[in-house]
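Here's the structure we're looking at; comments come further down.
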Amino acid sequence: MTSTVVISAATTLTLISDVATENQTICENFSLSSINYQVLGTATNVVVTGLPTGVTSSYNAVTGVASISGTPSAPGVYPYTITTTGGCAPQATDNGVITVTIAPTVTIVNNTPTICDGEAMDVTITSDVPGATIYWTASAQGINEIISGNGVGPIVLNQNLTLQTGQFLPVDLVVTTYGVADCIGQTQTFTVRINPIPSVDYTVIDDSICSGETTQISLFSDDYPGASFSWTSEVVSGGTVSGMSNGSGSMITDTLTTANLTASTVVYHVTPTMGICAGTVVDITITVNPVPVDDLTFSGSINAICSGEMPNVTVASGNNNVVYEWSVQLNGVAVTGGVTSGVSTSNIHLIDHVLTTTGLVAGTAVYTFTPRLGDCLGVPRQYTQIVNPLPQPVLLDGSICVELSTGLVFQSHHLDSGIPNTANYDFNWYFNGAPIPTATQSTYDATEAGSYYVEVQNITTGCSNTSNTITVNEINNATDFTYTVTNAFTDNATITITVIDGNGSLLYQLDDRDLQDSNVFTGVSAGEHIVTVVDEKGCTYLEKSILVVDYPKFFTPNGDGYNETWNIFSLRGQSNTKIYIFDRYGKLIKQISPESQGWDGTFNGKQLPSADYWFTVEYEENQQKKVFKAHFSLKR
C-alpha cells in the first residue's frame with residue numbers, strides 16, 4: 001500500500017508596513033499610522049491583544065494581510081501582541097508598543113458672541129493640560145484688526161474690533177484655536193459677530209399737517225439695508241395731541257388730532273438698530289395745525305331777492321384768524337363780473353355781488369363756505385340764495401290813424417306788455433312820463449301820439465321791472481290814387497300809381513301778388529287788374545280796377561255765334577278813338593269805333609276771304625295821342 005505525505009509550509013508573520021509603524025508614539029484622538037502584517041502558511045486569522053481604546057485590528061483572508069488602525073482616545077503605554085490562528089502549529093507571533101500621549105483640549109468661554117463696531121470682545125481660552133501652549137488665529141474680511149497669537153493659558157482676548165470704512169453689513173470673525181503640550185490638540189473655533197452701527201434716513205410727505213390727518217414718515221437707511229427702526233413720540237409744544245404711537249417698523253402713520261386753537265409740535269425719536277447695535281437717535285418733527293371749528297353764522301337779508309340785486313349776506317366766524325374759501329354753484333343765475341370763487345381776507349365776508357336770472361323762472365346761487373386756518377380747512381357750510389326773475393315787459397313802436405279831413409282817430413295802437421293779465425301782476429302805464437290813471441291792465445290802446453312805457457310788478461315775489469319806452473306816431477290816411485298805363489297793346493305793360501294825401505309807409509299790390517313798397521308794376525299782361533294801396537299800419541286801404549289795352553289776334557265770322565266780329569273793346573270809353581281796317585294792299589276796308597259792334601268781315605255787303613288784315617288805331621294814353629298799327633286774321 002502506498003501513502004502520500006503533504007508537508008505544509010510553516011506559518012510566518014512579517015511586518016510589511018514601515019518599520020516605524022510597529023512601535024508608535026501619537027497624541028490621543030489622532031489617527032494611528034496603519035500597522036500591516038503579511039501572514040503566510042496555513043494560518044487563517046490573527047488575534048491582537050493589548051490595543052488602546054479606539055484602535056482595532058482586521059484580517060483579509062484573501063490577501064493574508066492583517067492591519068491595526070484607529071484613533072486612540074485614552075493616553076497610556078499599550079504593548080500589543082499579534083498571533084496567527086488556525087492552520088498548522090506552531091503559530092507565528094509578533095509584538096509592538098503603542099504609546100498614546102495626552103493632547104490638550106482647549107475650553108472657550110465667549111462672553112461676546114455679538115458686539116457692535118468699536119467694542120471689545122471678551123473671550124477666555126483655557127487648556128486641560130497645565131503649561132500647554134495655546135495658539136489662536138483668524139482671518140476676516142471687513143475689520144481692521146489682526147487676530148492671532150499664542151501663550152500659556154488662560155488666554156483672555158479683549159481687543160476692540162472695528163469695521164473697515166464702507167463695511168455696512170455684519171462681519172463674522174471666526175477664530176481657530178488649539179493647545180500644544182506633548183502633542184497638538186484638536187482645533188476648535190468660536191465666532192464673534194461685529195455689527196455696524198446704523199444710521200437713519202427718512203422722508204416726510206408733509207411735516208405740517210392738519211388735525212385729523214395722518215403722518216406719512218418713511219424710515220430707511222441707504223447704507224445699512226438690514227437696519228430696523230423703533231421710535232417713541234412726545235408733544236413738545238402747543239398742548240395735547242392724540243393718536244401718537246411708540247412703535248417699530250419702516251413707516252410712521254399716526255392720525256394726529258388736536259383740539260387746540262394753536263399749532264402743536266410732535267417729535268418722533270427714531271432709533272436705528274442692527275442686531276444689538278443701536279445708532280444715533282434722529283428726531284423728526286411734525287407740526288399739527290388746528291382746524292377751524294364749525295361756528296359759521298349767516299346774517300342779513302336771508303330771503304329771496306330779485307334779479308339784478310345783491311344778497312348782502314354776511315358770513316362770520318368767532319375766530320379772528322379764520323378766512324374762507326368760497327365758491328358758488330349757479331342754477332339759472334349769472335354773476336355780474338363772472339367771479340364764482342375766491343378767498344376772503346378776514347373772518348367776515350359779505351356776499352355783495354349782483355345776481356341775475358338767465359331765464360324767466362327763479363334760479364338759485366348755492367354758496368359753499370369752507371373756513372381755513374393757515375392751510376387747514378374746516379367743515380364746509382352752504383347757503384342758498386333764491387333769485388326771482390323780473391317781469392320782462394316789451395313794447396313795440398306803432399302808429400295811430402287820424403283822418404286827415406276831420407282829425408278824428410279812427411284806429412288806435414294796441415300796446416301789449418307780453419305779461420299775462422292775471423292777479424299775480426300789477427300794471428302801471430305812462431304817457432309822456434306821466435301815469436295814465438285808468439291803465440292797469442296788461443294791454444293798453446294808445447289814441448295819442450307820444451312816448452309810452454309800462455311798469456310791471458310780480459305781486460308774489462315783489463319784483464318789478466319797467467319796459468322799454470316806445471314811440472307812437474300819428475299817420476293820416478291816403479284819400480285816393482291815380483294811375484298811368486304805358487306800353488299798351490303788349491304783354492309787358494307798366495302801371496304807375498300816384499297816391500293822393502296820406503303820410504304812412506305805403507305798400508302796393510297787383511291782383512293777388514305780394515305787397516311791395518314800389519308804386520310801379522312792370523310786365524303787366526293785357527286785361528283787367530285790381531290794384532290795392534295800403535299803409536304798413538293799416539290806416540289806408542284803397543282799391544281800383546285798371547284795364548290794360550290789347551286787341552284780338554283773329555276772329556271767325558262763320559255764323560256759329562262765337563267771335564263773329566272784330567273790335568278793340570278794351571278802348572271802350574274813349575269815344576275819340578278811331579280804328580281803320582285795311583287789306584293787305586293797303587285798301588281801307590272799314591272804319592269803326594270801340595263803342596260799335598265791330599267789323600263783321602264784309603266789304604260793301606260781301607264777305608271777304610280768310611286772310612290777314614291790317615289796322616291802325618288812334619287813341620290817347622295818359623293824355624297823349626298815340627297811334628298803334630298791327631294785323632289780325634280773319635278765319636272762316
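Note: hydrogens, waters and symmetry copies are ignored here, and every other heavy atom, side chains too, is used. What you are looking at is a predicted structure, and each value in this text was computed from that prediction instead of being measured.
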Are the side chains of Asp501 and Asn476 in touch, meaning some heavy atoms are under 4.5 Å apart? no
Show your reasoning for whether side chain to side chain donor-acceptor pair (under 3.5 Å) applies to Thr370 and Glu325. CA-CA 5 Å; Thr370 305; Glu325 292 183 0; 5.6 Å; no
Validation row: Ile475, Asp535 side chains within 4.5 angstrom (heavy atoms): yes
Given Thr262 and Asn260, is the side chain to side chain donor-acceptor pair (under 3.5 Å) satisfied, shown in steps? CA-CA 5 Å; Thr262 57; Asn260 305 317; 5.9 Å; no
To the closest 0.5 Å, what do you measure between OG (Ser221) and CE (Met274)? 8.0 Å
When rounded to the nearest 0.5 angstrom, what is the spacing between CD1 in Ile459 and CG in Asp426? 4.0 Å
Less than 3.5 Å apart, any donor N or O on the side chain of Glu455 or Asn428 sitting next to an acceptor on the other? no
Could you go step by step and tell me if Ser237 and Thr265 meet the side chain to side chain donor-acceptor pair (under 3.5 Å) rule? CA-CA 5 Å; Ser237 67; Thr265 302; 3.0 Å; yes
Is a side-chain N or O of Ser417 found less than 3.5 angstrom from the main chain of Ile419, in a donor-acceptor match? yes
Would you say Thr368 and Gln382 are linked by a side-chain donor-acceptor pair, where the criterion is simply a distance under 3.5 Å? yes
Heavy atoms from other residues, nucleotides or ligands near CG of Leu360 exceed 12 (cutoff 6.0 Å): no
Counting distance only, does the side-chain N/O of Glu403 pair as donor-acceptor with the main-chain N or O of Gly407 below 3.5 Å? no
Between CE on residue Met251 and CD1 on residue Ile217, distance to nearest 0.5 Å: 8.5 Å
Taking atom types as modelled and ignoring hydrogens, do the side chains of Thr215 and Asp254 form a donor-acceptor contact shorter than 3.5 angstrom? no
Distance only, no hydrogens: is a donor on one side chain within 3.5 Å (strictly under) of an acceptor on the other, for Ser317 and Asp295? yes
Answer with yes or no whether the side chains of Glu213 and Thr255 bring together a donor and an acceptor at under 3.5 Å. no
So, do Tyr324 and Arg372 sit near enough that their side-chain heavy atoms are less than 4.5 Å apart? no
Is a side-chain donor-acceptor pair under 3.5 Å present for Asn519 with Thr498? no
When you measure from the side chain of Thr496 to the backbone N and O of Val520, does any donor-acceptor pair fall under 3.5 Å? no
Atom of Gly118, atom of Thr162 and distance for their closest heavy-atom approach: CA-CG2, 3.7 Å
How far does CD of Gln216 sit from CG of Asp206, to the nearest 0.5 angstrom? 10.0 Å
Donor-acceptor pair, distance only, cut-off 3.5 Å: does the side chain of Asp511 make one with the backbone of Ile530? yes
Mark yes when over 12 heavy atoms from residues, nucleotides or ligands other than Ile146 sit less than 6.0 Å from its CD1; otherwise mark no. no
Given 3.5 Å as the limit, does a donor-acceptor pair link the side chain of Tyr452 with the main chain of Val472, or not? no
Distance-only, no hydrogens or angles: does the His529 side chain make a donor-acceptor pair with backbone N or O of Ser525 under 3.5 Å? yes
Would you name the heavy atoms of Ala446 and Ser412 that are closest together and state the gap between them? O-CB, 3.1 Å
Starting at CD of Gln329, measure out to CG of Asn331 and round the result to the nearest 0.5 Å. 5.0 Å
Between Asp416 and Thr443, do the side chains contain an N or O donor and an N or O acceptor separated by less than 3.5 Å? no
Determine whether Thr287 and Asp207 satisfy the following criterion, side chain to side chain contact (heavy atoms under 4.5 Å, CB included), listing intermediate values before the conclusion. CA-CA 6 Å; Thr287 300; Asp207 60 4; over 6 Å; no
Could you report the tightest heavy-atom contact between Ser199 and Phe229, atom names first, then the distance? O-CE2, 4.2 Å
Close side-chain approach of Glu309 and Leu355, heavy atoms under 4.5 Å: no
If you look at every heavy atom in Trp429 and Gln441, which pair is closest and at what distance? NE1-O, 2.7 Å
d(Asn503 CG, Glu474 CD) to nearest 0.5 Å is 7.5 Å
Closest heavy-atom pair and its distance - Cys210, Val291: CB-CG1, 4.0 Å
Are the side chains of Ser341 and Val328 in contact, using a 4.5 Å heavy-atom criterion? no
Heavy-atom closest contact (Thr112 atom, Ala120 atom, distance): CG2-O, 4.1 Å
Assess whether side chain to side chain contact (heavy atoms under 4.5 Å, CB included) is satisfied between Thr358 and Val333, documenting all intermediate values. CA-CA 5 Å; Thr358 58; Val333 175; 5.7 Å; no
Pair His353 and Tyr367, ring centroids less than 6.0 Å apart: yes
Would you tell me whether Ser230 and Thr271 have side-chain atoms, one donor and one acceptor, within less than 3.5 Å of each other? no
Should we say atom CG of Asp375 is surrounded by more than 12 heavy atoms from elsewhere, each under 6.0 Å from it? no
When you measure from the side chain of Ser264 to the backbone of Gly238, do you find a donor-acceptor pair of N or O atoms at a distance under 3.5 Å? yes
Can you tell me how the ring of Phe168 sits relative to the ring of Tyr224, calling it parallel under 30°, perpendicular over 60° and tilted otherwise? perpendicular
Under 3.5 Å, is there a donor-acceptor pair between the side chain of Ser344 and the main chain of Ser346? yes
Please answer whether the main-chain N or O of Gly166 pairs with a side-chain N or O of Gln164 as donor and acceptor at a distance below 3.5 Å. no
Flag the pair Val499 / Tyr508 as yes when at least one side-chain heavy-atom distance between them is below 4.5 Å, and no otherwise. yes
Note, Val270 side chain near Leu219 side chain (heavy atom, < 4.5 Å): yes
So, is the end of the Lys544 side chain (NZ or CZ) under 6.0 Å from the ring centre of Phe481 and within 45° of the ring's axis? yes
Considering residues, nucleotides and ligands other than Leu261, do more than 12 of their heavy atoms fall under 6.0 Å from its CG? no
For side chain to side chain donor-acceptor pair (under 3.5 Å), just list the numbers for Asn388 and Thr461, CA-CA rounded to whole Å, side-chain angles, deciding distance to a tenth of an Å, and then say yes or no. CA-CA 7 Å; Asn388 289 307; Thr461 65; 4.9 Å; no
Checking side-chain polar atoms at under 3.5 Å, does Asn432 have a donor or acceptor matched by the opposite partner on Ser451? yes
For a side chain to side chain contact (heavy atoms under 4.5 Å, CB included) check, start with the C-alpha distance between Tyr268 and Ile286, then their side-chain angles and the critical distance, and finish with the verdict. CA-CA 8 Å; Tyr268 289 91; Ile286 301 295; 4.2 Å; yes
Pair Asp445-His413, side chain to side chain contact (heavy atoms under 4.5 Å, CB included): steps then yes or no: CA-CA 5 Å; Asp445 290 328; His413 177 55; over 6 Å; no
Any side-chain heavy-atom pair from Ser208 and Asn289 closer than 4.5 angstrom? yes
Answer with yes or no whether the side chains of Trp231 and Ser245 bring together a donor and an acceptor at under 3.5 Å. yes
Is there a donor-acceptor pair under 3.5 Å between the side chain of Asn110 and the backbone N or O of Thr191? yes
